[in-house]
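Note that ligands are numbered from 1 as they come in the structure, with each ligand's atoms numbered from 1 the same way. Because only heavy atoms are used, hydrogens play no part in the values below, and waters and symmetry mates are left out as well, while side chains stay in.
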Amino acid sequence: MRFDVLTLFPEMFPGYLGQSLLKKAIDRNLVDVHVHNIRDWATGLHRQVDDRPFGGGPGMVLKVEPVVESVRAVCRKDTRQARVVLLTPRGRRFDQPYVERLSGSDRVVLVCGRYEGFDQRIIDILEPAELSIGDYVLNGGEVAAMVVIDAVIRLLPGVLGDEQSSVDDSFSSGNRLLECAQYTRPREYRGYSVPDVLLSGDHQAIAQWRKEQSFRRTRQRRADLLGHTAVNKEHIDESGTDEASRKG
Ligand code: 6GU
């Protein structure tokens, strides 16, 4: 899979891409990430990439020519059809189903916004998907682009050591529960102990405990995730001792 990132701040990426799972995935040629500076496509003496909004108002707007020309040029660098994604707080919310959708593409071109936004003609001409990573405002789309790359790469075959681990992730299809508490050694630290059940060796009891933990935590923190009747039903059936889950 190939990612291209278009940004005014390409220096933000190598540090992040050079670490951990991302570095391994890139080193093993499972994914290719190319970062480009939109300014390279800006013309004129000052290579201006932004300008004041027509009609007045605060802030600056990304200009149509450098963005459209850079996206077009980058798309031509590879024969595979690219999905073009604009990162903007006005976009649709990025979620795990969308991560799954993107992970099925060969090529994604991510365009990072800055300033007050994009000239509307960029959107009219390129007809990109517009994505936001949540209901808050960032200074630019760069961190959001890293979020998208990170989330998508996790799903590519061969990237995670254990293929099951992304299937079990909270929010993946078929799992709409937050993860349960996890423990590792030591068994006790400053009077805080590991729950006995995890040391019992009883795999069925452990699985049951984890499921109940997940369900309880999800109900407390993210009851919105339990709107899915399939998940509700499964836990009503299997965690019969949990009063609130019996009520559904
Ligand atoms: Cl994609 N960009 C910016 N600037 N702010 C955001 C965002 C994106 N997603 C949430 N907030």
Side-chain angles (χ1 to χ4, degrees), residues 1-17 19 21-22 31 33-42 48-68 70-72 74-75 82-105 107-156 169-172 178 221-222 224-225:
M1 178 167 191
R2 171 173 173 154
F3 284 100
D4 289 271
V5 181
L6 286 104
T7 169
L8 294 171
F9 300 94
E11 320 77 47
M12 289 184 180
F13 289 85
Y16 184 72
L17 298 173
Q19 301 291 322
L21 266 184
L22 286 178
V31 62
V33 185
H34 302 265
V35 182
H36 314 272
N37 193 337
I38 294 169
R39 199 176 295 277
D40 293 346
W41 284 271
Q48 204 180 336
V49 290
D50 60 325
D51 207 341
R52 289 168 301 150
F54 277 122
M60 300 289 267
V61 175
L62 281 175
K63 286 164 67 68
V64 61
E65 309 99 303
V67 176
V68 168
S70 61
V71 171
R72 289 233 158 112
V74 163
C75 283
R83 206 190 279 246
V84 179
V85 174
L86 227 68
L87 295 154
T88 159
R90 292 195 335 196
R92 76 162 264 187
R93 178 97 65 85
F94 189 54
D95 56 11
Q96 196 66 25
Y98 207 97
V99 177
E100 287 168 18
R101 185 129 56 97
L102 281 187
S103 73
S105 312
R107 257 202 101 184
V108 177
V109 173
L110 299 169
V111 187
C112 302
R114 276 271 146 181
Y115 313 106
E116 301 307 304
F118 298 90
D119 186 304
Q120 179 60 35
R121 290 165 294 184
I122 295 167
I123 294 152
D124 297 342
I125 293 168
L126 299 174
E127 298 185 327
E130 294 177 73
L131 287 186
S132 158
I133 60 165
D135 295 340
Y136 38 81
V137 179
L138 304 169
N139 286 310
E142 284 76 13
V143 170
M146 295 181 208
V147 166
V148 170
I149 293 170
D150 190 308
V152 170
I153 279 178
R154 285 177 56 74
L155 298 188
L156 299 182
D169 283 348
S170 299
F171 313 115
S172 70
L178 302 182
R221 298 179 183 178
R222 292 293 308 275
D224 58 302
L225 295 178

Student: Using the side chain to side chain donor-acceptor pair (under 3.5 Å) criterion, which residues pair with R101? Sequence neighbours excluded.
Tutor: none

Student: Minimum heavy-atom separation for V67 and K63, please, with both atom names.
Tutor: CG2-O, 3.4 Å

Student: Can you tell me the protein heavy atom closest to atom 9 (N) of ligand 1 and the distance?
Tutor: I133 N, 2.9 Å

Student: Could you list which atoms of ligand 1 come closer than 4.0 Å to a heavy atom of L131?
Tutor: 1 (Cl)

Student: Are any of the N/O atoms in L87 less than 3.5 Å from those in ligand 1?
Tutor: no

Student: Would you say ligand 1 has an N or O under 3.5 Å from any N or O of N139?
Tutor: no

Student: At what distance is the nearest protein heavy atom to atom 10 (C) of ligand 1, and which residue and atom is it?
Tutor: G134 O, 3.1 Å

Student: With R114 as reference, evaluate D50, V61, V49, N139 under the side chain to side chain contact (heavy atoms under 4.5 Å, CB included) test and give the passing residue.
Tutor: N139

Student: So which protein heavy atom does atom 5 (N) of ligand 1 come closest to, and at what separation?
Tutor: L138 N, 3.0 Å

Student: If I take atom CG from residue L102 and atom CD1 from residue I153, how far apart are they, to the nearest 0.5 angstrom?
Tutor: 12.0 Å

Student: Looking only at protein heavy atoms, which one is nearest to atom 3 (C) of ligand 1, and what is the separation?
Tutor: P89 CD, 3.3 Å

Student: Among all protein non-hydrogen atoms, which one is nearest to atom 1 (Cl) of ligand 1, and what is the separation to 0.1 Å?
Tutor: T88 N, 3.2 Å

Student: Of all the atoms in ligand 1, which lie at a distance below 4.0 Å from a heavy atom belonging to A144?
Tutor: 1 (Cl)

Student: State plainly whether the residues D119 and R121 are in salt-bridge range, i.e. N to O under 4.0 Å.
Tutor: yes

Student: Scan residues 7-17 for pairs that pass salt bridge (charged side-chain N to carboxylate O under 4.0 Å, His left out), counting only residues two or more places apart or in two chains.
Tutor: none

Student: Distance to 0.1 Å, residue and atom name: give those for the protein heavy atom nearest to atom 11 (N) of ligand 1.
Tutor: Y136 O, 2.6 Å

Student: Using the side chain to side chain contact (heavy atoms under 4.5 Å, CB included) rule, take M146 and V33 through it: C-alpha gap first, then chi angles, then the decisive distance, then the call.
Tutor: CA-CA 11 Å; M146 295 181 208; V33 185; over 6 Å; no

